[in-house]
S.K.: 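Let me give you the structure first, and then I'll get to my questions.
Atom set for the values below is all heavy atoms of this structure, side chains included, hydrogens, waters and symmetry mates excluded.
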Amino acid sequence: MPVLVSTRDNRGLASIAKAGATYIFPENLAAGLGLAVQTFVALGVSPEEALARVRAIRLRLNPELRALRTI
């Protein structure tokens, strides 16, 4: 069963993942990354490519999320 977790910030993500979280959404990054996806799309990048780019950025910002699934 997937376990989705929303956190206030990106501190302690490794321990949350270790505790069984399948997806983690740090609120301090979510809005900015969502805006980045929409900006890419507005500039003509396909939605799939925009999501791929933002996922790559998210993983660089939070390497402990690499083992988790991406949406």
S.K.: So, for V41 and P47, which heavy atoms are closest and what is the spacing to 0.1 Å?
M.R.: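 Minimum heavy-atom separation between V41 and P47: CG2-CA, 3.9 Å.
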S.K.: Measuring from F25:CZ to L13:CG, what's the distance to the nearest 0.5 Å?
M.R.: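 Rounded to the nearest 0.5 Å, the CZ-CG separation comes out at 12.0 Å.
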S.K.: Looking at CD of E27 and OG1 of T7, how far apart are the two atoms once the value is rounded to the nearest 0.5 Å?
M.R.: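 Rounded to the nearest 0.5 Å, the CD-OG1 separation comes out at 7.0 Å.
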S.K.: In the single-linkage hydrophobic clustering (I, L, V, M, F, W, Y; side-chain heavy atoms under 4.5 Å), do L35 and V45 co-cluster?
M.R.: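 Cluster IDs for L35 and V45 differ.
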S.K.: Check for me, please, whether I16 and V3 land in the same ILVMFWY cluster - side-chain distances under 4.5 Å, paths through other members count.
M.R.: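 Same hydrophobic cluster.
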S.K.: What's the shortest heavy-atom distance between V37 and A50, and which atoms?
M.R.: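 It is O-CB, 3.9 Å.
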